[in-house]
Structure formats: C-alpha cells, structure tokens
Trainee: 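Take this structure, written in structure tokens, and hold onto it; I'll ask about it next.
The figures here come from the full heavy-atom set of this structure, side chains too, leaving out hydrogens, waters and symmetry mates. Both ligands and their constituent atoms are indexed starting at 1 by order of listing.
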Amino acid sequence: MLWRSVLVLPILGVAAAAASIDECPGYTLRNVAESDSQITGDLILAGSACNTYGEDLNNLKLLVEYQTDSRLHVKIYDAKEQVYQIPKSILVPPSGQRDSSSQRSDLVFEYTKNPFSFAVQRSSNRETIFNTSGTNLIFESQYVRLRTSLPQNPNIYGLGEDSDSFRRETTDYTRTLWNTGQAFLPTHSNLYGSHPVYIEMRNGQAHGVFLSNSNGMDIKINQTAEDGQYLEYNTLGGVLDFYFMAGPAPADVARQYAGVVGIPVQQSYWTYGFHQCKYGYQDVMYVAEVVYNYSQAKIPLETMWTDIDYMDLRRTWTLDPERFSLHKMQELVAYLHNHDQQYILMVDPPVSLNDSTSYDTASDAGVLIKNNDGSTFVATMWPGAVSYVDWFHPNAQSFWTGQIKSFFDDQSGVGVDGMWIDMNEPANFCGYPCSNPVEVAIQGNDPPAPPPLRTTWDPLPGFPSDFQPPGSNSRIMRRDTSSANMTGLSGRNLNNPGYTIANGVGPLTVGTIWPELPEYGGYVQYDTHNLYASYMIEASRQGLLARRPSERPFIISRSTFAGDGIRGGHWTGDNASIWAHYLLSIVQNMEFASIFQIPMVGADVCGFNDNTTETLCARWAMLGAWYPFYRNHADITANYQEFYRWPLVTEAAQKAITARFQVLDYFYTAFYQQTVDGSPTTIIPLFFEYPNDPTTLDISYQFFFGPSILVSPVTTESSESVSLYLPPQDIFYDFWTGERVKPNGDSNTLNLDNVTYTDIPVHIRGGSIIPLRADAGNANTTAALRTHDFELLIAPDVDGRATGSLYLDDGKSIKPDRTSYLQFTYDSGHLSVNGTFDYDPGVGFKGVTVLSNGNQNGVNGGGNGTGTDSYGRIGLVRQIDEGFSGGWEVDV
Ligand SMILES: *[C@@H]1O[C@H](CO)[C@@H](O)[C@H](O)[C@H]1NC(C)=O
Ligand SMILES: *[C@@H]1O[C@H](CO)[C@@H](O)[C@H](O)[C@H]1NC(C)=O
Ligand SMILES: *[C@@H]1O[C@H](CO)[C@@H](O)[C@H](O)[C@H]1NC(C)=O
Ligand SMILES: *[C@@H]1O[C@H](CO)[C@@H](O)[C@H](O)[C@H]1NC(C)=O
Ligand SMILES: *[C@@H]1O[C@H](CO)[C@@H](O)[C@H](O)[C@H]1NC(C)=O
Ligand SMILES: *[C@@H]1O[C@H](CO)[C@@H](O)[C@H](O)[C@H]1NC(C)=O
Ligand SMILES: *[C@@H]1O[C@H](CO)[C@@H](O)[C@H](O)[C@H]1NC(C)=O
Ligand SMILES: *[C@@H]1O[C@H](CO)[C@@H](O)[C@H](O)[C@H]1NC(C)=O
Ligand SMILES: *[C@@H]1O[C@H](CO)[C@@H](O)[C@H](O)[C@H]1NC(C)=O
C-alpha cells in the first residue's frame with residue numbers, strides 16, 4: 001500500500017555533546033568467573049564518563065555461554081538490568097542451554113581486560129571472526145557502540161530490510177534498522193523490517209552474527225586508512241545480546257540462526273497458488289469480474305485479494321455498504337470457496353475514531369496507546385483520525401481476536417482465508433506533534449479515485465444475479481473529516497535522541513507514531529517500535545486460530561522483525577514496475593528465505609507503483625512463479641495489470657503456473673524441510689550450495705528454488721540474452737526439454753540468446769529426483785492439482801545417481817493426523833522408494849523418466865526405452881502404477 005503523504009520536517013540535531021565519543025573511556029573487566037561452559041564478569045567504566053548521548057553506564061555485566069558446540073552467546077548488559085531488552089513474549093531466547101564448553105565448542109571466546117575487548121575465534125583454524133579491540137565499548141543510556149574488525153573486502157550478507165546489493169557494500173556503507181514504510185523502496189535506506197543478522201563467508205566457511213536488539217540502529221561497514229575494515233553497531237539503546245554461529249556451511253548458519261529465533265511455520269498447500277490483487281478495484285463486482293476473467297483466460301487463479309478499497313471510508317473492520325456490501329462479499333466468498341479458491345482482505349492496525357463500534361470496544365478494553373498524560377494517542381492513517389492498538393496490553397489479544405472472529409466470521413462475516421497486514425511499522429501520516437490529525441486527513445493528498453463506476457453490467461456467468469453495480473460511487477475514497485480530537489501532544493518534548501540514526505525519512509517521529517509513547521507494562525515505542533509488527537502478526541495468528549483452530553493461519557505482513565517466520569510471511573512492500581525491482585526481488589527473496597528465516601516471501605509481481613509494461617510483466621510473471629509467495633499486485637494509480645490483459649503475458653503466466661504446478665509438491669516438500677529444522681531449502685543463494693566456489697559469492701540474480709531447481713532469469717531489460725553460471729561441481733539439465741546442458745567453453749557460463757518473453761531459463765541439478773504432478777496444465781487450482789497423479793523425473797549426476805524426497809499431508813492442518821515422507825534413491829538404472837506412507841493422497845505414481853547424462857550410466861532396465869514424459873522431456877521412460885501403501889522398486 002502506497003503511503004504518499006509524508007511530511008518531512010527536518011529537525012536539526014541540537015544535542016550539546018558533553019564529550020566526543022572518541023573520548024569515551026571504555027570498560028575494565030573484573031571479577032571474572034569461568035567455568036567450562038560459561039564466563040561472567042563485571043565491566044566497570046574505565047575513566048570519566050563522556051556522556052555524549054545520554055549517560056555512560058558505570059556498571060555492566062558480561063555473560064558468555066557456550067550454548068551449543070556451534071553457538072556462542074555473548075551478552076553485555078547493565079548490572080541493574082533496567083535497560084530495555086526485547087520482551088521474551090515475542091522473541092524467546094534459547095534458554096538454559098549451556099551444553100557445550102570452551103574445549104568442545106567450534107567457537108572460542110577470548111577477552112582483554114583493560115580496556116575490555118573480546119574476540120571470537122573459530123577453534124578449528126584459530127581464525128578470528130569477530131574482534132572488538134579496535135575501539136572502546138560505549139554503553140550509554142541512548143547510545144551503544146561496538147565495532148569489530150574484519151578482513152579486507154569481506155563477504156557479508158543479511159542485515160535487512162533494504163533494497164541494496166545482495167553482497168553488502170564494504171566501504172562507507174550504513175545499514176539503518178528502524179522499520180519504516182517507504183514506497184518505491186529507495187536504496188541505501190531503512191525499509192519495513194529489521195533483521196540484525198549477517199552471514200560472512202571466508203575461504204569457503206560461513207559464520208553468522210545475530211545482535212538481538214530491537215532498538216533503532218546504524219550498522220556501519222567501512223574501511224579507512226587508520227582503522228582498516230570494520231563493521232560497527234551504533235544502537236539507540238538496548239543491550240548487546242550477541243549470538244555467534246559457527247557454520248561452517250552457510251546452511252549450518254541458517255539452521256543455527258533458526259535455533260535462536262525459531263523455525264519458520266508451515267503454510268497451507270493453497271498458499272503456493274497464484275494470487276491476484278490490486279489497490280483500486282472499485283467494487284465487489286469488479287473483483288468478481290477479475291476472478292471471472294482469469295477463469296476465462298485459463299490462468300489458474302488460486303486466491304483473490306482486496307486492498308483497503310473494501311473498507312467503509314477506509315476504516316479497518318468495516319465494509320463499504322454500497323460497493324462491498326456484506327451480502328455481496330459473502331456471495332463472492334461463497335463463489336470462490338465453491339471453486340476451491342480463496343479470499344484475503346487487508347487489515348491495518350489502527351482503529352478509526354469514527355468507527356464507534358470498534359473504537360469503543362478497543363477503548364473500553366483499554367488497549368489503545370496513550371499519551372504520557374493518559375489521554376488516548378490520536379494520529380492519522382487512511383481513515384483519518386485513528387488510535388493504535390497497544391499490543392502489550394493484556395486485553396489486546398482478546399480485542400484483536402474478537403475483531404477477527406466477528407468480522408471474518410464464516411457465517412455472519414466475510415469468511416476470509418488469511419490476513420494481509422499492512423502499515424504496521426506502524427505508519428502515521430500526521431507529523432509531530434500532530435496537533436490536528438483530522439486536518440491532516442483533509443489535506444492528506446487523497447489518492448486519485450479509480451475510474452467512475454460503470455452503470456451497466458453484463459451478468460457474470462456463475463455469479464448470483466444480484467451482482468449488479470451499486471447506485472453511486474459517492475463514498476469512494478472519501479475520508480472522514482468529522483469529530484476527532486486534538487490530543488494535547490504539543491507541549492511535550494520531542495523524543496529526539498542525540499545520536500541520529502540515518503533514518504531514511506528523517507527524525508524518528510516521521511511517518512510513524514512517536515518514540516515517546518508509553519505502552520502497557522512500562523515499555524515505550526522508542527524501544528519497541530521495530531517489534532510493533534511482530535506483535536500484530538502474533539495477535540493476528542492467534543485470532544485466526546481462534547476462528548479456525550486446526551488450520552495453518554496464513555498471514556502476510558509488510559513489517560517484520562527477526563524471528564517473525566515462526567508466525568507469518570512477508571511481501572516486500574511497495575516496489576515499482578521497474579526492471580531494477582524485478583531484479584531486487586530475487587535478492588530480497590534469498591535474504592528473507594535463507595538468511596532471515598521467513599521463507600514465505602515474495603514481491604509484487606509486475607510491480608506495484610507506476611505502470612508496468614507488457615514485456616516486464618511477462619518476464620515478471622515467469623520469475624514470480626519461482627517465488628514462494630506469487631502475487632500480482634498494483635497501486636491504485638497504476639494501470640490494471642492482471643495477467644490476462646495481454647496475450648503475451650497470458651501465455652507467459654500459463655506456462656509459468658503450469659511449471660510451478662508440476663513441481664508444487666517438490667516445493668511443498670522443500671518448504672516443509674525448512675519448517676522442520678530451519679534448513680535453507682526454499683529460495684537458496686548459490687553460495688549456500690557451493691560455498692567453496694568463490695564465483696558464487698557475487699551471484700545475486702540466480703537462485704535455487706528448492707534444492708534441485710536452478711532459476712536464472714534474464715537480467716537485462718529488453719533483452720533475450722542471459723549468461724548464466726553453471727557451477728562446475730554439478731551437471732545440469734534444461735527443465736523444459738530435459739536435455740543436459742553444457743557451459744560454453746571453459747567459463748562455466750551458459751550463454752543463451754533466445755530467451756523469449758515466454759521463457760525463463762530453469763535447470764535441474766544432476767543428482768536430483770523431482771516428483772512432478774502429471775498434466776499440471778489442466779489443473780485450474782491447487783485443489784484440482786492434488787487429484788493429479790505423480791510421475792518421477794530423475795536427473796542423474798555424472799555417475800548415474802540421484803536422490804529426492806516427497807512430503808505429503810492434507811495440506812492445511814497444523815498437526816496433520818497423517819503424513820507421508822518418501823525418499824527416492826536411483827543408482828545405475830535402479831530406483832527404490834522408501835519412507836513413511838501414512839498419508840495416502842489418493843493418487844499414484846504413473847511414470848518414471850530418467851534424463852540422459854550422456855555418460856551411458858543409465859541402464860535401461862525394462863522400460864520402453866527412450867520416450868518423453870508427459871511434458872515432452874526426452875529420457876528413458878517407464879510407465880508404472882504404484883501407490884502409497886509402502887516402498888517399491890523399479891528398474892529404468
Ligand atoms: C584482535 O585485534 C587486535 C588488534 O589488531 C590484535 O592484537 C589481537 O590479537 C586480535 N585478537 C584476536 C583473538 O585475534
Ligand atoms: C567511512 O570512513 C570515511 C573515512 O573515515 C568517512 O568519511 C565516512 O563517513 C565513513 N562512512 C561511514 C558510513 O561511517
Ligand atoms: C473482463 O473481460 C472483459 C472481456 O474481455 C472485458 O471487457 C472487461 O473489461 C474485463 N474486466 C476486468 C475486470 O478485467
Ligand atoms: C476448474 O475446472 C473445473 C472443470 O472444468 C470447473 O468445474 C471449475 O469451475 C474450474 N475452476 C475454476 C476456478 O476455474
Ligand atoms: C475527545 O475530546 C473529548 C472532549 O475534550 C474528550 O472527552 C474525549 O476523551 C476525547 N477523546 C479522545 C479519544 O481523545
Ligand atoms: C499510467 O498510464 C496511464 C494511462 O495509460 C497514464 O494516465 C498515467 O499517467 C500513467 N502513469 C504513470 C506514472 O506513468
Ligand atoms: C535456444 O538456443 C539453443 C542453442 O542455440 C538451442 O539449443 C535451444 O533449443 C534454443 N531454445 C529455444 C527455446 O529456441
Ligand atoms: C530402501 O528399501 C530397500 C529395500 O526395500 C533397502 O534395501 C534400502 O536400503 C532402502 N533404502 C533406504 C535409503 O532406506
Ligand atoms: C510401454 O508402453 C506401452 C504403451 O504406452 C505401455 O502399455 C506399457 O506398459 C509400457 N511398458 C513399460 C514397461 O513401461
């Protein structure tokens with residue numbers, strides 16, 4: 001959702017620095033107590049306080065825990081434990097674990113007492129991966145600084161959310177973490193989410209560093225003549241709560257990080273279908289017509305979405321009575337559900353002052369954020385004057401659950417199948433001090449209205465006859481302009497910390513609610529800002545569970561913090577219909593899926609802001625089919641961009657969705673694997689798979705979709721050429737033809753110059769067995785797809801061997817009664833299938849196709865010889881008829 005009315009009032013820093021931070025004395029370590037698995041000590045300020053940004057804390061504590069052999073916990077915190085720490089209610093630290101020791105651990109903690117500094121070494125080769133000795137530790141009430149030296153030109157990944165390069169810039173780079181909504185995703189700026197975790201690659205080995213701190217911060221990566229290369233944390237508060245993860249493979253770091261923040265949650269099978277949305281669908285009839293037109297165009301639409309258009313005067317928890325009446329919304333939902341399709345609505349966090357039903361409920365429950373004087377905080381969002389839910393309040397969950405249960409009631413409300421939560425940084429359009437939130441709403445650059453409502457309407461076959469246009473469009477896009485309060489904020493001190501993080505929108509008050517706002521339990525937004533969305537996702541998840549207790553809640557959130565994969569997914573916000581953002585989506589997907597552990601991720605396909613073009617949309621339709629979350633979405637000011645609007649894009653989308661459907665169970669299995677142990681198995685950067693191949697360190701626009709499928713889209717606009725890297729450690733097969741491909745010359749690159757707008761280069765890694773759904777082109781939903789038989793595609797490695805797996809369950813239950821997990825092994829013409837077979841999908845295995853590796857390693861053990869699979873891939877083919885009652889073997 002575009003947010004356009006930001007009023008940036010620069011507030012110049014006026015902090016009277018008591019002393020330069022260069023004069024801060026650092027700390028001395030005393031009273032060290034060491035055991036095998038733990039070190040503790042006291043850190044005493046080593047000289048006179050510099051009090052640059054608040055006061056230096058005199059007494060700190062050091063805690064070092066050898067938690068597991070591959071994970072070291074280092075925490076530096078105030079002795080009185082008054083400084084804010086991330087609440088355990090949202091990020092549960094791995095507790096009570098001291099299962100390793102300094103002798104056994106892959107990582108060793110070293111320290112210097114005076115001035116205090118510490119280093120972390122890899123025990124196998126004594127490589128120092130973190131070393132803070134270059135500068136003094138600074139721990140002030142509003143500023144904490146710690147710097148580590150790094151090797152020259154380090155290979156650093158992670159530290160999002162942003163729109164910069166995949167491999168981090170190493171000079172003069174600032175990565176600010178302070179959740180903020182910024183349309184068009186400007187580079188070198190903080191965006192919607194905060195993920196203070198990075199992976200560094202050194203000589204083929206990976207390690208990870210997670211700073212569990214939710215305060216606003218600048219992480220600087222720089223190299224200077226005096227200081228060399230470094231990475232420096234500059235936070236506005238909180239404590240230094242570090243988890244060092246030893247790898248040594250990138251995938252190990254991902255699993256170790258999941259061990260700290262949690263493993264991602266499993267998603268329902270249908271969520272991997274194709275989704276359509278647009279801001280600016282004028283009414284429910286129009287939405288229905290989009291559904292109908294997708295069906296007519298034979299493009300499988302799985303889930304329809306509606307943006308804030310459905311709301312009455314943009315108030316969350318209301319329906320526009322004319323354009324999106326309850327009756328017609330229920331008819332739309334019934335139609336979709338009857339066709340095995342789903343429906344999702346956007347939900348914004350604030351409550352409109354003029355929606356007395358919800359507002360009074362929230363207010364009576366006491367769950368709205370208050371000003372310091374006890375009055376309710378009022379600011380401005382889409383509906384005009386609003387107040388914000390205080391997620392810390394003990395009644396917040398019951399309020400939110402109540403809203404979800406009544407508004408989304410399957411009988412009396414709109415029976416949605418998931419929640420799309422937006423503006424949860426949280427966004428606020430009213431600049432500090434917001435003395436008149438109503439006035440801001442009036443002046444707030446109303447977005448343009450969609451085209452005038454049509455008055456004539458051709459009945460849509462299959463839809464109820466009362467699907468008629470409403471009488472008028474009088475209420476479209478109007479905002480409330482009545483009866484809200486001034487809230488007395490003008491007399492307060494702006495919470496304007498002396499240290500200024502490089503917040504892309506300006507001072508901390510811009511675009512969001514004030515840092516000084518108190519929350520229940522003594523918290524303030526200053527500290528918890530970056531967690532606002534996490535609490536909203538969690539509350540929404542609990543609300544959806546209260547409504548459909550056994551089903552996996554599907555939640556897509558704009559804002560996120562470390563660990564939110566355990567409760568939901570993410571779309572990358574308000575990108576633009578530009579080539580750069582088509583490319584950026586690949587980087588963001590890799591980061592979220594493999595580094596941040598939020599694998600249900602995707603970007604708005606064809607681009608959100610501005611008009612897309614036919615060729616960009618065709619390319620993007622084909623790329624998006626290899627996102628975990630595949631949704632076309634556009635802004636209200638952009639032209640319509642449903643795939644069926646152009647013949648070229650229609651063809652691209654049909655081909656792309658058919659391919660996605662072929663491998664949907666393969667991807668479902670890959671996603672499942674990540675939910676078991678955090679293995680990065682969904683959208684995988686090449687360096688994760690080939691850590692010893694330095695070429696992969698700079699590959700940003702090729703990725704694995706699941707462990708076996710390499711996707712290498714065209715990376716140049718208006719081009720049909722791509723030069724793609726084929727790691728020499730493996731052999732590859734063209735996904736579309738089944739032919740083994742070989743790099744041109746010695747470069748290990750494959751140069752293609754005929755990638756049309758309905759093609760995307762996709763390759764299967766040798767050594768893989770991929771379970772395919774047969775005849776996927778004839779499935780118009782994922783429910784239909786689940787009735788299709790399987791066939792196995794075997795892409796042998798150079799020695800004629802391959803493995804694969806298939807996880808199956810009912811596709812939606814949180815705790816499925818029955819599951820099946822099949823393991824496929826192929827060696828020299830012999831396929832064996834083992835595993836557990838408790839869930840019977842009601843279909844069988846009908847064919848096996850073995851692609852040719854060119855080495856005559858495949859043995860034709862009794863099939864029909866060379867033929868094609870049902871998609872035309874040439875190989876050794878055998879028809880079979882096997883079910884799910886137990887293991888089986890066959891020669892091919
Ligand atoms: C940390 O860096 C300092 C300064 O370069 C160096 O003297 C020290 O040996 C390093 N410590 C470790 C454990 O590498
Ligand atoms: C990097 O170092 C240079 C040289 O000291 C300095 O001018 C620049 O501001 C630094 N950049 C950051 C992001 O700290
Ligand atoms: C649906 O398709 C019809 C026929 O091509 C077209 O007239 C109409 O504008 C389309 N409506 C939408 C919402 O796509
Ligand atoms: C899918 O195809 C079946 C069979 O033709 C049809 O009954 C059903 O309505 C279609 N569903 C959608 C969503 O188009
Ligand atoms: C609005 O103003 C009235 C009158 O000053 C006051 O009683 C009421 O509490 C205010 N409501 C809010 C939400 O601030
Ligand atoms: C998008 O296209 C429409 C009509 O085709 C045009 O009016 C509008 O200005 C375009 N928007 C942009 C941002 O170019
Ligand atoms: C593209 O060119 C390659 C090499 O010339 C050829 O093998 C392949 O069949 C062509 N693909 C298409 C889709 O035309
Ligand atoms: C699969 O089962 C066969 C016997 O049916 C057995 O020989 C083989 O070791 C099993 N393979 C695996 C990977 O468990
Ligand atoms: C060979 O193909 C024929 C015709 O498609 C089929 O009936 C037969 O089952 C196949 N045999 C094997 C071993 O796949």
Trainee: May I ask you to list the atoms of ligand 1 that are less than 4.0 angstrom from any heavy atom of Gln121?
Mentor: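 Taking each heavy atom of Gln121 in turn, ligand 1 has 13 (C) under 4.0 Å.
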
Trainee: Considering only protein heavy atoms, which is closest to atom 3 (C) of ligand 1, and at what distance to one decimal place?
Mentor: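 Protein heavy atom with the smallest distance to atom 3 (C) of ligand 1: Ser133 OG, 3.1 Å.
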
Trainee: Is ligand 3 less than 4.0 angstrom away from at least one heavy atom of Arg645?
Mentor: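 Heavy atoms of Arg645 do come under 4.0 Å of ligand 3.
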
Trainee: Taking 4.0 angstrom as the limit, do Arg122 and Asp106 come out as a salt bridge?
Mentor: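 No.
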
Trainee: Under 6.0 Å between ring centres: does that hold for His275 and Trp571?
Mentor: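 Ring centroids of His275 and Trp571 are no less than 6.0 Å from each other.
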
Trainee: Which residue owns the protein heavy atom closest to atom 2 (O) of ligand 1, what's the atom, and how far is it?
Mentor: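 Minimum-distance protein heavy atom for atom 2 (O) of ligand 1 reads Asn131 ND2, 2.2 Å.
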
Trainee: Between Tyr644 and ligand 3, does any nitrogen or oxygen pair lie at a separation below 3.5 Å?
Mentor: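 Yes, there is a polar N/O contact under 3.5 Å.
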
Trainee: Could you say whether the N/O atoms of Asn611 and ligand 6 ever approach to under 3.5 Å?
Mentor: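 Yes.
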
Trainee: Can a protein heavy atom be found under 4.0 Å away from atom 7 (O) of ligand 1?
Mentor: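 Under 4.0 Å from atom 7 (O) of ligand 1, zero protein heavy atoms found.
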
Trainee: Quick check for you: to the nearest 0.5 Å, what is the distance between Ser149 atom OG and Asp227 atom CG?
Mentor: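 Those atoms lie 10.0 Å apart.
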
Trainee: The test is salt bridge (Lys or Arg N to Asp or Glu O under 4.0 Å); show your working for Arg126 and Glu110 and say whether it passes.
Mentor: CA-CA 11 Å; Arg126 289 280 150 184; Glu110 310 255 332; 3.3 Å; yes

Trainee: Looking only at non-hydrogen atoms, which of Ser149, Gly228, Gly134, Ala119 approaches atom 13 (C) of ligand 1 most closely?
Mentor: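 Looking at heavy atoms only, the winner is Ala119.
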
Trainee: Going by an N to O cut-off under 4.0 Å, is there a salt bridge joining Arg645 and Glu642?
Mentor: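 Judged by the 4.0 Å cut-off on N to carboxylate O distance, Arg645 and Glu642 do form a salt bridge.
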
Trainee: With a 4.0 Å cut-off, strictly under, does atom 11 (N) of ligand 6 pick up any protein heavy atom?
Mentor: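 Protein heavy atom within 4.0 Å of atom 11 (N) of ligand 6: present.
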
Trainee: Just need the protein heavy atom nearest to atom 14 (O) of ligand 1, so name the residue and atom and give the distance.
Mentor: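 Going by distance alone, atom 14 (O) of ligand 1 is nearest to Thr128 OG1, 2.6 Å.
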
Trainee: Please check if the distance between the ring centroids of Phe274 and Tyr294 is under 6.0 Å.
Mentor: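 Between Tyr294 and Phe274, which both carry aromatic rings, the centre distance is below 6.0 Å.
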
Trainee: Show your working on side chain to side chain donor-acceptor pair (under 3.5 Å) between Thr612 and Gln641 and close with a plain yes or no.
Mentor: CA-CA 7 Å; Thr612 196; Gln641 64 183 35; 4.6 Å; no

Trainee: Which atoms of ligand 6 are found less than 4.0 Å from any heavy atom of Asp610?
Mentor: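 Close to Asp610: 13 (C).
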
Trainee: Answer yes when Asp422 and Arg558 have at least one side-chain N-carboxylate O distance shorter than 4.0 Å, and no when they do not.
Mentor: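 Yes, Asp422 and Arg558 are salt-bridged.
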
Trainee: Can you pull out the closest protein heavy atom to atom 4 (C) of ligand 6? Residue, atom name and distance to 0.1 Å, please.
Mentor: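 Nearest neighbour among protein heavy atoms for atom 4 (C) of ligand 6, to 0.1 Å: Asn639 OD1, 3.6 Å.
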
Trainee: Using the ring pair (Phe, Tyr, Trp, His ring centres under 6.0 Å) rule, take Phe429 and Trp382 through it: C-alpha gap first, then chi angles, then the decisive distance, then the call.
Mentor: CA-CA 8 Å; Phe429 301 156; Trp382 296 118; 5.0 Å; yes

Trainee: Determine, using heavy atoms of Tyr640 and all atoms of ligand 3, whether some pair is separated by less than 4.0 Å.
Mentor: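 Flag not set, Tyr640 not near ligand 3.
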
